[in-house]
Enquirer: 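Here you go, one structure.
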Amino acid sequence: MKYIDEFRDPKLARRLIAHIKRRATEPMRFMEFCGGHTHAIMRYGLRQLLPANIKMLSGPGCPVCVTSCTDLDRAIALARIPGVILTTFGDMLRVPGSDGTLSGAKAEGADVRMVYSTLDAVQCARDNPDRPVIFLGIGFETTAPTVAASILQAERAGIHNYYVFSLHKLTPPAMRAILDGGEVALSGILGPGHVTTIIGSQAWAFLPEEYGMPCAVAGFESLDILRAVAMLTDMLVEGRPAVANAYPRCVSREGNPNAQEMMYRVFQATPADWRGIGTLPESGLGLREEFDHRDAALVFPIEIGPSHEPKGCRCGDVLRGALSPTECPLFANRCTPTSPLGPCMVSSEGACAAYFTYREYKDDH
Amino acid sequence: MTTERILLAHGSGGKLSHDLVEKLFARRFSNAILDRMDDAAVLEIMGRKPEGTGDRQQDRDKQVGVPGLTGKLAFTTDSYVVSPIVFPGGDIGKLAVCGTVNDLCMSGAHPLYLSAGFIIEEGLPLDELEGIVDSMATTALQAGVAIVTGDTKVVDKGHADLLFINTSGVGIVPPDVNVSGSYALPGDVVLVSGTMGDHGMAILMQREGLQFSSHLTSDCAPLNGLVEAIFASLSTEESKSLVARVHCLRDPTRGGLITTLNELAQASDVGIEIEETSIPVCDPVRAACELLGFDPLYVANEGKLVAIVTADIAQRVLEAMKAHPDGANAAIIGEVTSSHAGKVIVRTELGARRIADMLAGDQLPRIC
């Protein structure tokens with residue numbers, strides 16, 4: 001099968017693992033930025049196969065998880081405005097806010113609809129011309145261009161009742177914040193594959209240049225990840241940090257200029273509130289002034305009470321790589337995918353959900 | 001404190017659905033037959049041929065069912081709420097017949113009679129309904145069952161999504177057949193009858209208007225032909241008793257293969273270990289899953305079965321499946337173990353071993 005089988009070949013994988021074992025003579029700690037990588041690493045059982053001195057830490061790359069509790073409370077408040085239809089990607093539905101979830105608001109009568117793409121949200125606005133339709137815009141540089149496209153489409157088609165509540169975030173500032181925090185010792189970064197398809201590998205040049213940190217951008221098949229880990233190991237051993245591209249079938253140096261152009265035609269960098277990290281300047285995407293009439297945050301002023309994280313939830317620490325999911329006292333007892341306390345256990349890109357769903361099996365259990 | 005309410009995830013076939021059934025319904029309706037939690041209830045009302053006692057009333061009581069017919073009665077029901085109501089490879093009508101026929105066969109029964117109840121939303125175009133009813137009739141004919149009773153209700157626009165169908169069915173379990181989700185034994189072999197995930201991905205692609213170069217088609221099909229072929233291969237003159245060595249049959253519908261294997265492991269209190277590379281998944285499904293970040297082993301099937309059989313007949317069952325058009329891609333995928341009871345272990349293509357749990361709800365496309 002083109003584009004899948006050749007990236008899952010067990011023989012090649014064993015050779016890469018042997019290479020990594022041979023070269024990684026010292027302890028190494030790599031952070032996979034992206035929740036999709038955490039998921040793939042667990043699903044393929046890669047942590048069991050890598051040598052014990054290589055530790056993979058999960059990072060903040062789960063769009064649902066990094067949405068702050070306050071922002072989530074605001075989204076739930078928007079959904080509860082009578083007449084409003086709130087459209088969102090499915091994973092957001094079950095994330096607990098200060099008081100309930102979007103899914104709970106839906107069961108109580110709020111009109112919350114899950115969509116698979118922003119175009120569905122625009123279609124929903126077209127089908128319900130007398131009701132405001134708000135799209136809950138979460139996601140990184142991967143998703144933001146499609147949301148920008150939906151706004152431009154609504155403009156072109158004269159769909160007046162379509163709004164976006166933009167909680168989009170930019171990935172490089174979060175990576176910087178984690179490194180600047182100095183809380184977690186890292187030897188290299190597994191760069192996010194899909195995000196980098198859009199922003200280009202050059203967006204990570206600051207890692208080797210300013211932090212002396214090697215970065216290898218990876219795809220999501222087992223070989224993609226192993227290849228990136230091998231590249232990180234080599235760069236580290238040879239003392240020549242750079243940005244390596246282990247996902248050349250999708251990622252280029254410049255990325256996708258059309259998507260970037262569309263994104264910045266509609267959005268501009270704004271401060272954003274990250275769960276576990278806090279407010280970072282220029283780390284979010286807000287609508288440009290000319291699209292104020294589409295900005296749900298401006299059009300529908302809402303008031304919410306003080307937000308509070310779920311009691312005992314340590315998702316913030318997990319998102320910074322400061323805590324492994326299994327080290328959280330709530331993991332797999334009070335917090336499971338069936339009754340999640342924090343977002344990392346809800347989202348299919350959340351680290352805790354990946355560690356729970358694909359937990360390693362040891363015979364001595 | 002807000003009231004607990006039913007969420008959509010309670011209907012996804014994953015853990016929440018399971019908990020709802022166990023903790024709400026099964027607890028209140030509990031009885032020996034229901035508690036087996038099989039796809040169909042198997043009722044011992046025709047266990048013995050009546051022997052005359054002289055007392056006419058007693059004789060009549062014993063004679064429930066068809067006089068002279070031996071075996072057990074299988075009885076099941078299911079409701080169908082799929083959207084869109086027409087999809088590549090089928091429609092809600094075909095699904096409603098196949099689903100109930102398949103639930104009957106998964107108890108080892110020979111399906112005979114179906115009921116059909118329709119909840120129709122005001123405004124549904126008549127020709128769409130006609131197309132769906134035609135397809136039910138065709139599928140029933142194909143499966144060799146008769147739709148013998150029915151009901152229609154029409155509700156206000158907005159009170160149903162175009163069309164909901166409920167079908168119930170009865171069938172006869174032959175005397176030598178004895179399958180249940182709780183009968184898997186350590187040492188047994190696990191087989192699947194074909195590629196996994198076809199139905200779920202076809203529906204998703206159609207519903208979301210995602211188009212690929214290769215066409216994705218639902219595998220929706222009645223499985224009684226395949227089940228009968230399996231039993232036929234085991235009941236030649238010299239080996240009548242082999243039929244009883246088929247321990248479990250289950251169609252991996254909502255929640256897909258892994259959910260079904262978890263149910264079987266729990267019901268039988270055994271472990272199940274499967275080899276990821278041996279599980280057939282067709283290329284378009286793999287491509288679609290890779291794009292959306294889905295695991296095909298959690299995606300629904302509507303024309304496939306999982307069989308757990310003793311090791312000595314596994315090859316024979318595999319060949320019987322492969323010889324049948326609905327089992328051409330059948331494969332042996334793993335075995336039943338006495339260790340890790342109640343859990344499913346997957347050996348990944350790279351040789352790692354991990355637990356494969358049920359999902360809490362539906363799989364959702366990756367955002368990033």
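We name chains A, B, ... by the order of the sequence lines, and we start the count at 1 in each one.
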Enquirer: Counting only non-hydrogen atoms closer than 4.5 Å, does A:I138 touch chain B with its backbone (N, CA, C, O), its side chain (CB onward), both, or neither?
Expert: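 The answer is both parts of A:I138.
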Enquirer: Quick one: are B:M358 and A:T338 in side-chain contact, heavy atoms under 4.5 Å?
Expert: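 B:M358 vs A:T338: side chains apart.
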Enquirer: So what's closer than 4.5 Å to chain B heavy atoms on A:M114: side chain, backbone, both or neither?
Expert: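 Side chain of A:M114 only, per the 4.5 Å heavy-atom cut-off to chain B.
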Enquirer: Only pairs of heavy atoms separated by less than 4.5 Å count here; which of A:G139, A:A40, A:P63, A:S348 has the most with chain B?
Expert: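 Of A:G139, A:A40, A:P63, A:S348, A:P63 has the most heavy-atom pairs under 4.5 Å with chain B.
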Enquirer: Checking A:R43 against chain B: side chain, backbone, both or neither under 4.5 Å from a heavy atom?
Expert: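 Both backbone and side chain of A:R43 come within 4.5 Å of chain B.
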Enquirer: Chain A: which of B:D295, B:I6, B:L16 shares the most heavy-atom pairs with it under 4.5 Å?
Expert: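 Top count of heavy-atom pairs under 4.5 Å with chain A: B:D295.
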Enquirer: Just so I understand: if I count every heavy-atom pair under 4.5 Å between each of A:V64, A:L49, A:V115 and chain B, which residue has the most?
Expert: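 Looking at each of A:V64, A:L49, A:V115 in turn, A:L49 comes out on top.
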Enquirer: Heavy-atom distance under 4.5 Å between the side chains of B:L204 and A:Y116, does that happen here?
Expert: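 They are in side-chain contact.
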Enquirer: A:G45 and B:A352: which non-hydrogen atoms are nearest, and at how many Å?
Expert: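 Smallest heavy-atom distance, with atoms named: O-CB, 3.4 Å.
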Enquirer: Checking heavy atoms, do the side chain of A:D120, its backbone, both or neither come under 4.5 Å from chain B?
Expert: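 Only the side chain of A:D120 comes within 4.5 Å of chain B.
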Enquirer: If you measure from CZ on A:F356 to CG on B:L359, what distance do you get to the nearest 0.5 Å?
Expert: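 Going from CZ on A:F356 over to CG on B:L359, the span is 10.5 Å.
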Enquirer: Looking at A:R359, A:M42, A:H194, which has the largest count of heavy-atom pairs under 4.5 Å with chain B?
Expert: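 Most pairs with chain B among the choices: A:R359.
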Enquirer: Calculate, to the nearest 0.5 Å, the distance between atoms CG and CG belonging to A:L223 and B:L350 respectively.
Expert: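 Nearest 0.5 Å value for the CG-CG distance: 7.5 Å.
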Enquirer: Tell me, do B:I355 and A:Y358 make a side-chain contact under 4.5 Å, heavy atoms counted?
Expert: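 No; the side chains remain at least 4.5 Å from each other.
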Enquirer: More than 12 heavy atoms of other residues, nucleotides or ligands under 6.0 Å from CZ of A:R334: is that the case?
Expert: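 Open.
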Enquirer: Chain B heavy atoms under 4.5 Å from A:F140: which part of the residue, side chain, backbone, both or neither?
Expert: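 The side chain, not the backbone.
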Enquirer: Does A:G104 offer a backbone N or O that forms a donor-acceptor pair with the side chain of B:R5 under 3.5 Å?
Expert: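 Absent.
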Enquirer: With a 4.5 angstrom heavy-atom cut-off, which part of A:L226 approaches chain B: side chain, backbone, both or neither?
Expert: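 For A:L226, the contact with chain B is made by the side chain alone.
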Enquirer: Heavy-atom count around A:R15 CZ within 6.0 Å, excluding the residue itself: above 12?
Expert: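 Counting neighbours around CZ of A:R15, 12 or fewer heavy atoms of other residues, nucleotides or ligands fall under 6.0 Å, so no.
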Enquirer: Using the side chain to side chain contact (heavy atoms under 4.5 Å, CB included) definition, which of the options B:V344, B:I345, B:V346 pairs with A:Y361?
Expert: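 It is B:I345; the other options fail the test.
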Enquirer: Please flag which part of A:K106 lies under 4.5 Å from any non-hydrogen atom of chain B: side chain, backbone, both or neither.
Expert: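 Just its side chain gets close to chain B.
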Enquirer: Can you say whether B:L8 sits under 4.5 Å from chain A via the side chain, the backbone, both, or neither, judging by heavy atoms?
Expert: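 Contact with chain A: side chain only.
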Enquirer: If only atom types and distance count, is the side chain of B:E349 paired as donor or acceptor with the main-chain N or O of A:D9 below 3.5 Å?
Expert: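 No; judged by distance alone, with no hydrogens or angles, the pair does not exist.
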Enquirer: To the nearest 0.5 angstrom, please state how far the CG atom of A:L102 sits from the CG atom of B:L7.
Expert: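 If we round to the nearest 0.5 Å, A:L102:CG and B:L7:CG are 11.5 Å apart.
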